[in-house]
Amino acid sequence: MASYYNRQAAVQYARNWWKGRNPNYPSFQDDCTNFISQCLRAGGAPMSGYPNRARGWWITDGWKSGRGTGGYYSNETWSYSWTVSSSLRWYLESAKSGLTAKRVQSPSELNIGDVIFYDFQGDGRIDHSTIVTSIVNGVPYIHAHTVNSQDRHYDYSNSHAYTPNTKYYFFKIDDVFN
């Protein structure tokens with residue numbers, strides 16, 4: 001049975017939680033992809049692949065029983081794609097069912113609720129992920145965690161992480177999930 005991506009709900013979640021941490025999810029020092037996953041889930045994206053951490057995109061509540069200090073959890077009950085930028089990028093690039101997306105070449109092809117990945121060094125290694133929360137004159141603005149960001153221009157040119165070698169990976173989240 002098909003389900004639908006609620007872009008508005010994903011964006012509203014990002015707007016509500018960009019500056020804080022939702023206690024219903026784990027929190028990490030590098031929290032960008034965990035935050036994006038929460039936004040996607042709030043938009044109705046279906047989870048799949050449990051219990052294999054290397055496959056699918058999912059989280060369970062099992063982490064709550066192993067909550068530690070300093071961002072450590074003894075029960076890591078989530079997939080790598082839930083919390084690791086490069087893993088989520090590869091998942092979106094290859095998923096055929098559940099949460100799916102299409103990589104596009106231009107930021108002008110994005111809409112609210114879509115996802116951008118960043119390779120700041122241009123070395124092929126994904127360093128960061130964000131969610132598009134508004135489009136102004138055809139330009140995406142994003143929300144993010146790690147360095148909490150609200151309505152930031154997608155190009156990150158004002159970030160200490162930015163380099164002239166920065167590469168962007170733009171993903172349109174599919175509106176219908178099968």
Side-chain angles (χ1 to χ4, degrees), residues 3-7 9-103 110 112-120 124-133 142-149 161 168-178:
S3 59
Y4 300 89
Y5 186 41
N6 184 334
R7 294 175 178 278
V11 167
Q12 190 57 52
Y13 185 93
R15 293 190 180 286
N16 289 344
W17 289 102
W18 74 273
K19 197 173 183 178
R21 302 295 192 261
N22 183 336
N24 292 312
Y25 292 98
S27 177
F28 305 96
Q29 183 175 347
D30 293 328
D31 199 55
C32 61
T33 306
N34 177 43
F35 176 65
I36 299 312
S37 289
Q38 292 172 38
C39 295
L40 292 168
R41 187 175 185 198
M47 295 188 287
S48 65
Y50 173 82
N52 186 337
R53 293 190 73 203
R55 297 184 66 90
W57 174 79
W58 56 270
I59 190 169
T60 73
D61 287 336
W63 65 271
K64 292 179 181 178
S65 65
R67 187 184 303 230
T69 58
Y72 171 78
Y73 299 91
S74 61
N75 295 327
E76 295 181 348
T77 57
W78 52 80
S79 64
Y80 297 123
S81 60
W82 186 274
T83 58
V84 179
S85 293
S86 60
S87 294
L88 181 57
R89 179 261 169 144
W90 283 116
Y91 173 79
L92 291 176
E93 190 123 347
S94 63
K96 304 291 186 228
S97 63
L99 170 59
T100 54
K102 178 184 177 192
R103 185 170 172 195
L110 299 177
I112 63 167
D114 289 332
V115 176
I116 303 173
F117 295 96
Y118 300 80
D119 170 4
F120 289 121
R125 194 174 135 240
I126 302 299
D127 303 297
H128 190 50
S129 55
T130 65
I131 187 167
V132 176
T133 52
I142 58 86
H143 277 56
H145 269 190
T146 301
V147 174
N148 296 345
S149 299
Y168 306 93
Y169 296 76
F170 306 112
F171 282 85
K172 277 193 81 58
I173 304 300
D174 289 335
D175 288 316
V176 179
F177 304 121
N178 293 309

Just by modelled atom types, is the Ser129 backbone N or O under 3.5 Å from a matching donor or acceptor in the Arg89 side chain? no
Side-chain heavy atoms of Leu92 within contact of Phe117, under 4.5 Å: yes
Verify the neighbour count for atom CZ of Arg103: are there more than 12 heavy atoms of other residues, nucleotides or ligands below 6.0 Å? yes
Under 3.5 Å, side chain of His128 to main-chain N/O of Thr33, donor-acceptor pair present? no
Determine the sole option in Phe35, Trp78, Trp63 for which the ring-ring contact (aromatic ring centres under 6.0 Å, His included) test with Phe28 is passed. Trp78
Would you say the rings of Tyr118 and Tyr168 are close, in the sense that their centroids are separated by under 6.0 Å? yes
Within-4.5 Å side-chain heavy-atom neighbours: Leu99 and Phe177: yes
Provide the closest heavy-atom pair for Ile116 versus Ile142 in the form atom of the first, atom of the second, distance. CD1-CG2, 4.1 Å
Ser149 side chain to Val147 backbone, donor-acceptor under 3.5 Å: yes
Do side-chain atoms of Ser81 reach the backbone of Gly56 as a donor and acceptor pair under 3.5 angstrom? yes
Nearest 0.5 Å please: distance from the CD1 atom of Ile112 over to the CD1 atom of Ile173. 12.5 Å
At their closest point, which heavy atom of Ile131 faces which heavy atom of Ala14, and how far apart are they? CG2-CB, 3.9 Å
Smallest separation among heavy atoms of Ser37 and Leu88, with atom names: OG-CD2, 4.4 Å
Check: Trp82 and Asn34 side chains under 4.5 Å, non-hydrogen atoms: yes
Rounded to the nearest 0.5 Å, what's the gap from SG on Cys39 to CZ on Arg15? Could you check? 11.0 Å
Under 3.5 Å: donor-acceptor pair, side chain of Thr146, backbone of Cys32: yes
Working to the nearest 0.5 angstrom, can you tell me the gap between Ile36 CD1 and Tyr13 OH? 10.5 Å
Indicate yes or no: at least one non-hydrogen side-chain atom of Asp174 is less than 4.5 angstrom from one of Tyr5. no
Nearest 0.5 angstrom please: Tyr169 OH to Trp90 CH2, how far? 7.5 Å
Is there a side-chain contact between Pro26 and Ile59, using heavy atoms and a 4.5 Å cut-off? yes
Heavy-atom pair with the smallest gap, counting every atom of Ala42 and Ala9: O-CB, 3.5 Å
Hey, what do you get for CG (Asn16) to CG (Asn22), rounding to the nearest 0.5 Å? 9.5 Å
Less than 4.5 Å apart, any side-chain heavy atom of Trp58 and any of Arg53? yes
For the residue pair Val115 and Val132, establish whether any side-chain heavy-atom pair is separated by less than 4.5 Å. no
To check you understand the geometry: which heavy-atom pair defines the closest contact between Ala101 and Phe171, and what is its length? CB-CD2, 4.1 Å
Check whether any side-chain N or O of Arg41 sits under 3.5 Å from a backbone N or O of Met47 as a donor-acceptor pair, and report yes or no. no
Heavy-atom side-chain proximity of His143 to Val11 below 4.5 angstrom: no
What's the shortest heavy-atom distance between Ile126 and Ser85, and which atoms? CG2-CB, 3.5 Å
Looking at CG of Asp114 and CG of Leu40, how far apart are the two atoms once the value is rounded to the nearest 0.5 Å? 9.5 Å
Main-chain N/O of Arg21 paired to His145 side chain as donor or acceptor, under 3.5 Å: no
